[in-house]
Chemist: 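A single structure is presented below for examination.
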Amino acid sequence: MPELPEVETIRIGLEKYLVGHIVNDVIVKTPKIFSGNKKDLLGSKIIKVRRFGKVLSIDLSSSFSILIHVKLTGQPIYRGPNLKNSPRVSNKVIGGIQGKHTHVIFKLDRNGFLYYNDVRKFGWIKVVKTSDVEKTGFIAKLGPEPFKGLTLEIFKNILSKSKTNIKVLLMNQEKIAGIGNIYANDALWLSKIDPRKVSNSIPESKVKDLYEAILKVLKEGIKRRGASELTFVTPDGTEGTYQKHFLVYGQEGKTCPRCKNTKIVKIKLGGRGTYFCPNCQK
DNA sequence: CTAGGATCCTGTCAGC
DNA sequence: TGCTGACAGGATCCTA
């Protein structure tokens, strides 16, 4: 699922392709996922692309921004002059670059296009004033983010105040921003912590291990341009490769790669699939 | 504050 | 082969 590394990969791609383009038109085919006034975008230039947790902000010269949350299956895909040697498009682009799952099309100058595709239609796009981006509901409530505000001290503090199980806490965007199911599972395996463990009962040394594991798996995810599980693709329509390096996520029934004597188990926590090794995660 | 369930949506897959 | 139903999942909302 698109989490911090996947959304950061999208951000890097959009920054590379979109900056300098002018938005000439916006075609909204599915009004449900689009809010705000498209007129606030027309004729203005794209200046930068930011990320807040799992949300993207495309900032324009008109002092308005396009916020995009891709949720599970959203795919912002670029075609145009900034894309050198048009890459072969992944079959994870369901329905094609422009097809029945294309809900919004941004027409750019110089024959450029940004397509927003989304099979499940859980994602959303909002046009807001750039000065209001950080005051916008979802973004305003985000907790500190790994690689930004989140330090070990803050992390310890967050855990010490929570009686929720650690897996659910890690995925709570209001506590820590950017972590989702894949990286929560892998970070807990790496730091040998049982995902059911109550957050404030984890000893201090293990909290440090977990903090470092989170940074490590997120970095690995970014390095591999995200995990193309489900329908994730980058803005050029190609896949990332972290899915080839999952530690425990999706590995139910396989032998734990560390202790090599126990099978990875799948349970549900907070309604989400949770994978762990009952032998080495305590 | 926390837990659990329903909701949104549709492709995929198991079972018959 | 073809149909039916269960399932997945980020975030939100509601109830307990």
Side-chain angles (χ1 to χ4, degrees), chain A residues 1-11 29-35 51-57 67-76 90-96 99-104 116-126 136-143 145-146 157-187 195-202 218 221 226-233 239 242-243 246 248-253 264-275:
Chain A
M1 289 94 260
E3 308 174 29
L4 190 153
E6 287 73 29
V7 180
E8 178 63 11
T9 301
I10 295 172
R11 190 197 68 75
K29 297 189 162 193
T30 309
K32 173 184 180 296
I33 66 163
F34 187 95
S35 62
R51 180 184 58 75
F52 300 89
K54 303 178 193 172
V55 181
L56 293 159
S57 176
L67 298 181
I68 303 179
H69 195 318
V70 303
K71 293 282 183 87
L72 300 170
T73 56
Q75 303 173 321
S90 161
N91 60 11
K92 289 185 188 293
V93 180
I94 297 173
K100 69 168 183 168
H101 298 300
T102 302
H103 306 297
V104 181
Y116 180 75
N117 298 344
D118 196 339
V119 173
R120 304 260 166 102
K121 289 184 262 188
F122 283 6
W124 46 255
I125 298 176
K126 292 183 206 291
T136 305
F138 183 84
I139 295 177
K141 287 189 281 180
L142 288 175
E145 196 171 308
N157 194 255
I158 292 167
L159 267 61
S160 72
K161 286 191 295 194
S162 174
K163 285 180 274 185
T164 316
N165 67 64
I166 185 63
K167 164 86 183 323
V168 169
L169 173 71
L170 291 180
M171 292 177 62
N172 184 339
Q173 303 302 300
E174 297 182 19
K175 297 293 191 316
I176 300 163
I179 302 172
N181 208 20
I182 294 171
Y183 298 94
N185 277 293
D186 278 5
R196 297 165 296 186
K197 190 99 175 150
V198 173
S199 302
N200 67 6
S201 74
I202 300 172
L218 293 177
S228 284
E229 208 244 358
L230 203 55
T231 62
F232 174 72
V233 293
E239 298 182 19
Y242 184 79
Q243 71 278 13
F246 285 153
V248 278
Y249 179 80
Q251 307 302 302
E252 182 186 15
I264 302 301
V265 165
K266 181 182 184 184
I267 60 168
K268 266 201 194 279
L269 282 183
R272 297 289 166 265
T274 302
Y275 304 84

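Every chain is numbered from 1 and lettered A, B, ... according to where its sequence line falls, protein lines coming before strand lines.
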Chemist: Have a look at A:Q173 and say if it touches a base, only the backbone sugar-phosphate, or nothing, with a 4.0 Å heavy-atom cut-off.
Modeler: sugar-phosphate
Chemist: Please determine, for the side chain of A:E174, which listed nucleotide (C:dG9, B:dT2, C:dT12) has the closest atom?
Modeler: C:dT12
Chemist: So which heavy atom on A:K121 is nearest to which on A:T30, and how close?
Modeler: CD-CG2, 4.1 Å
Chemist: Decide side-chain contact (heavy atoms from CB on, under 4.5 Å) for A:V198 and A:T164; before the verdict, give the C-alpha distance in whole Å, the side-chain angles of both, and the deciding distance to 0.1 Å.
Modeler: CA-CA 6 Å; A:V198 173; A:T164 316; over 6 Å; no
Chemist: Does A:K121 have a side-chain nitrogen or oxygen under 4.0 Å from the phosphate oxygens OP1 or OP2 of B:dT10?
Modeler: yes
Chemist: Round to the nearest Å and state the distance from A:K163 atom NZ to B:dA3 atom P.
Modeler: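 To the nearest whole Å, that distance equals 9 Å.
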Chemist: Could you tell me whether A:G271 contacts a base, only the sugar-phosphate backbone, or nothing, with contacts defined as non-hydrogen atoms closer than 4.0 Å?
Modeler: nothing
Chemist: Is there a side-chain polar atom (N or O) of A:K175 under 4.0 Å from OP1 or OP2 of C:dA11?
Modeler: no
Chemist: Can you check the A:I94 CD1 to B:dT12 P distance for me, whole Å?
Modeler: 6 Å
Chemist: What are the two closest non-hydrogen atoms of A:Q251 and A:I264, and how far apart are they?
Modeler: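 Closest heavy-atom pair between A:Q251 and A:I264: O-CB, 3.4 Å.
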Chemist: Does B:dC9 have OP1 or OP2 under 4.0 Å away from a side-chain N or O of A:K71?
Modeler: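 Answer no for this pair, as no side-chain N or O of A:K71 is under 4.0 Å from OP1 or OP2.
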Chemist: Going by side chain to side chain contact (heavy atoms under 4.5 Å, CB included), A:R272 matches just one of A:V168, A:I267, A:N181. Which one?
Modeler: A:N181
Chemist: Regarding A:S162, tell me which of base, sugar-phosphate or nothing describes its non-hydrogen contacts under 4.0 Å with the strands shown.
Modeler: sugar-phosphate
Chemist: Could you tell me whether the phosphate oxygens of C:dA8, OP1 or OP2, come under 4.0 Å of any side-chain nitrogen or oxygen in A:K268?
Modeler: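 Yes, within the criterion.
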Chemist: Could you give the CZ-to-P distance, from A:F138 to C:dG10, as a whole number of Å?
Modeler: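 It is 11 Å, rounded to the nearest whole Å.
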Chemist: OP1, OP2 of C:dG9 versus side-chain N and O of A:Y249: anything below 4.0 Å?
Modeler: yes
Chemist: Under 4.0 Å between a side-chain N or O of A:R120 and OP1 or OP2 of B:dG11?
Modeler: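 The answer is no; no side-chain N or O of A:R120 sits under 4.0 Å from OP1 or OP2.
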Chemist: Grab the CG-C1' distance between A:N172 and C:dA11 for me, whole Å please.
Modeler: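 From A:N172 CG to C:dA11 C1': 10 Å.
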Chemist: So do the side chains of A:I68 and A:V55 get within less than 4.5 Å of each other, counting heavy atoms only?
Modeler: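 Heavy-atom side-chain distance check fails, nothing below 4.5 Å.
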Chemist: Can you check the A:N117 CG to B:dT10 P distance for me, whole Å?
Modeler: 14 Å
Chemist: Does the ring centre of A:F246 sit less than 6.0 Å away from the ring centre of A:Y183?
Modeler: no
Chemist: Rounded to whole Å, how long is the line connecting atom CZ of A:F232 with atom P of B:dG11?
Modeler: 21 Å
Chemist: B:dT10 phosphate, OP1 or OP2: any side-chain N/O from A:H101 under 4.0 angstrom?
Modeler: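 Looking at the OP1 and OP2 atoms of B:dT10, neither is under 4.0 Å from any side-chain N or O of A:H101.
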Chemist: Give the rounded distance in Å between these two atoms: CG of A:L269 and C1' of B:dA3.
Modeler: 12 Å
Chemist: I need the NZ-P distance between A:K167 and B:dT2, as an integer number of Å.
Modeler: 17 Å
Chemist: Would you say whether A:F122 stacks on B:dC9? The test is a distance between ring centres of less than 5.5 Å and an angle between planes of less than 30°.
Modeler: no
Chemist: Does B:dA3 have OP1 or OP2 sitting under 4.0 Å from an N or O in the side chain of A:T164?
Modeler: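 Yes, A:T164 has a side-chain N/O under 4.0 Å of OP1/OP2 on B:dA3.
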